[in-house]
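What follows is a short report on a single structure.
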Amino acid sequence: MSTATATSTKRTIVERLTKSWLYIGLIGIGVVSFVRIVTDTDDLTGAGTIRAAIIATCPILAAALGGLWAERAGVVNIGLEGQMILGTWGAAFFTYHYGPWVGIIGAAILGLVGGLLHAIATVTFGVDHIVSGVAINLIGAGAATYLAEAVFPDYEGGGPRQLNGLEAPTQITIPGVSDLAKDVADRHWFFVSDVASFIQALTTNISSLSLVMFALVVVSAVVLWRTSFGLRLRSCGENPQAAETLGVNVYLYKYIAVLISGALAGIGGGFLALVSSSGFSTGQTGGRGYIGLAAMIFGNWRPGGLLAGALTFGYTDSLRLRDTQSVHALLLLVALGLLAFAAFRAVRKQVRGALVVAVIGVVVMVWFLATDSVPREFTVMTPYITTLFVLALGAQRLRMPAADGKSYRRGSAG
Amino acid sequence: MPSDVDAVQLRGIGKRFPGVIANHDVDVTIRSGTVHALIGENGAGKSTLMKILYGVQRPDDGTITIEGKDVVLKSPTEAIDAGVGMVFQHFMLADNLTVLENMVLGAEKLHGIGDAARTEIRRISDRFGFDLDPDVLVEKLGVAARQRLEIAKVLYRGARIIILDEPTAVLVPQEVEALFVNLRELKDAGNSVLFISHKLDEVLAIADDITVMRRGTTVGTADSHTATKRQLAELMVGSELPSPETEESTVTDTVELSLDGVTLTDEFGRNLLTDLSLKIRRGEVLGIAGVEGNGQSELVETIMGMRIPSAGTIKLGDQDVTHWHTRQLREAGIGYIPEDRHRHGLLLDAPLWENRILGHQTRPPSAKGMWINRKGARQDTERIVADYDVRAPGIDTPARALSGGNQQKLIVGREMSGDPVLLIASHPTRGVDVGAQAAIWDHIKRARRAGLAVLLISADLDELIGLSDTIQVILRGRFVGTFEPSKVTPQDLGTAMTGGEAA
């Protein structure tokens, strides 16, 4: 009897999750498609936009994954930004000498060094995680600037603040699928074309490093949730004292987690230097480490969620690089999203929350209807404003690892 | 299958921390296949001893012999390998992981983390009647189920010697009975159980052998068939146990606090408190009994103005105070002993005299106009330290340096100053030693005689029965029964608290 109930609850959970993700995805595409047709901005889901979105997503995704690993083991890694900056330099240096793949490994190693600093400070010495993280951001930025000035001016295409002309990792095109998808996408049908241009972007000149990034999401999910290594690592973030009483070496797992976290952030930096642009320049991370952290929080400390978060931020980030027309269309999208969210809350009888969201939604809607374009300055702000909105609205029923950010000392059990 | 070899022998165990001797010359022998009780007051060194036996801490002196072999336990892993398992007083469970995940953590090699482990958990659960579902999140489990999970965790690792650190502290009487049934089955299956407690009735009911600890060392052993409560109590404290009994009624006719239909809803529209009405008169102690998490905290926070009720009125004397702020309420004469003195009652790193000011920052002697009156506050702290027997090196000592009992006495002294008309006491003697407990009971009784109205919330049913004039039982945010302390037993209360037939 209890066996039967257990398996059936398990199955329904799986079904519910996959189904709801599927529905949300389908409805999302439908709404975007609707907005595209209403506002007549084909750019909104053009293959070019989606390509740009994927490129913008990957560094954020890398940082978010890095955050996931560290925080699942109970260490808040706000130093992701600094580790990313270190990664940009590492990628540039090693790519210049040994080619892009060694460059990526170099980026990972430099990020890992940043992670090591963070682990020593927070795990061994019990320093406050935020203090240590901020210090690493400062050190990372300073070190990268210094190293660039010291090394790159002598290189071909280099200067004190940049190194251009780096070789990028291979791009992949799947011939038949790519052309077919482009053909369908160009017809601008409702829904179908939007899906097609998505496929087109995924099969035409996509960077192999992007595919690696997406694969890393799956790998992280499997390792963290389907192996005993992952269970031990997560237990350190939920209740390290309990883990200790069961013979888990908490310090070791926290170290491993923070090192992996730093390496992932480093890879994200490498992506910025090699794929997003074909060269290193100081300050090119532009706060993506923080946005990655936000994407992870939005994703409720889960791989699928943080992927959704990173895609959201990546998509808005890419739109700002296109024309103001698209950002204007985005207003309608935001308004619809807010109204849907308000309805969702109203159904759950959260009246006050529903009202606030609905009012904001209506204001954005009025703004959209009353204007034809948005100021250029505004478009630059879109990703940050999205971050703010998404976190403020979406981050209300989140479940972070219970011992996240707390200092842990050996022997404190019982 | 009791064997001739003793399960555990501890000889001459000593453990020192900076400034404290936690254990010295401790000798305990646990016979194989028995339930062995280790009793003693809070701070007698029981928990330290258990951590030593479980490898969490290492002894400075002495030897540990397990099943005839001398062992050195450097970590819990080694203790587990030696066959020792421990159920901590504060459960060592990760709420956000499932039963299965908590169970296999650290022991993944035994049965993996998948279906084989699931089968093994079901087997253990069925064998001992633990009723555990492997795929439920631990946060969904009640206290008793969590404890069964902890015991199952220990068995899963093949432990033959099971340490239970104050397992009944969090259970209602019926759950204690169920636990004892489980323990007897464990014993029958050949395991040895070390049962730590300071509740003598329970010890006499379950144990085969008894060892008594006082001030860090073992002071005697007793046979549970011949020992009496009085003997054990005297061994434990060196004197007769204090009891919380009240004298004649001092209840007057003046209603000091009245709640009428108070309802509290959370942000999702669920009722935390439903239609609560009560009256406390001057000189009356109203006790609230209930399993923790049934609305006691919310009730206190609502009265104290930390939450605003969604319906109903709260009156203090004749005034409607439903929408008053906490400070107004305190100024109107409500004293408040919070349930968690570390989180709500004290600034642990601030000196005692600053802690004296908390909640009284607008009133003399702590304040003069808009300024803090340092001198007045310090003098009054000296008074509290003397009158309430707070044992501290001085009033500049940080609160953290005091023992739990002395911290609590300071809070009681603070809340009693300024002549309150109503005292809200949430678990006033939780985690304090027997001496401090008796002193706090005395203060409450004295204040009651002087006409104070008291709302007493406690998990200690003897305390409730002994101190209260009336007892209300709260269950899922509703009052489900009113009892006369003179006519009620802990068992009756336990039944009402868990939703059984109310009298």
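None of the values given here were measured: they were computed from a predicted structure. Side-chain atoms are counted along with the backbone in the values below, which use heavy atoms only and exclude waters and symmetry mates. Lettering follows sequence order; numbering is per chain, from 1.
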For B:Glu101 and A:Glu238, run side-chain contact (heavy atoms from CB on, under 4.5 Å): C-alpha distance rounded to whole Å, both residues' side-chain angles, the deciding distance at 0.1 Å, then the answer.
CA-CA 12 Å; B:Glu101 287 174 324; A:Glu238 295 292 342; over 6 Å; no
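- If you measure heavy-atom distances from B:Glu139 to chain A, the contacts under 4.5 Å come from the side chain alone.
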Could you walk me through whether A:Arg399 and B:Asp95 pass the side-chain contact (heavy atoms from CB on, under 4.5 Å) test, one step at a time?
CA-CA 11 Å; A:Arg399 178 66 184 265; B:Asp95 282 0; 3.7 Å; yes
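- Residues of residues 217-228 of chain A lying under 4.5 angstrom from chain B, judged on non-hydrogen atoms, are A:Arg226, A:Thr227, A:Ser228 by number.
- Looking at B:Lys109, there are no atoms closer than 4.5 Å to chain A (heavy atoms on both sides), in backbone or side chain.
- Between chain A and the options B:Val104, B:Leu93, B:Val136, B:Asn102, the largest number of non-hydrogen pairs under 4.5 Å is found for B:Leu93.
- In terms of heavy-atom pairs under 4.5 Å with chain A, the best-connected choice from B:Ala94, B:Ser75, B:Gly106 is B:Gly106.
- Both the backbone and the side chain of B:Leu105 come within less than 4.5 Å of a heavy atom in chain A.
- At least one side-chain heavy atom of A:Leu231 sits under 4.5 Å from a side-chain heavy atom of B:Leu97.
- Contact check for A:Thr245 versus B:Met86: no side-chain heavy atoms found under the 4.5 Å cut-off.
- The side-chain heavy atoms of A:Leu246 and B:Arg157, taken from C-beta on, include a pair separated by under 4.5 Å.
- More than 12 heavy atoms of other residues, nucleotides or ligands lie within 6.0 Å of NE2 in B:His342, so this atom counts as buried by the packing criterion.
- Taking OG1 of B:Thr77 as the reference point, atom CD of A:Glu244 lies at 9.0 Å (rounded to 0.5 Å).
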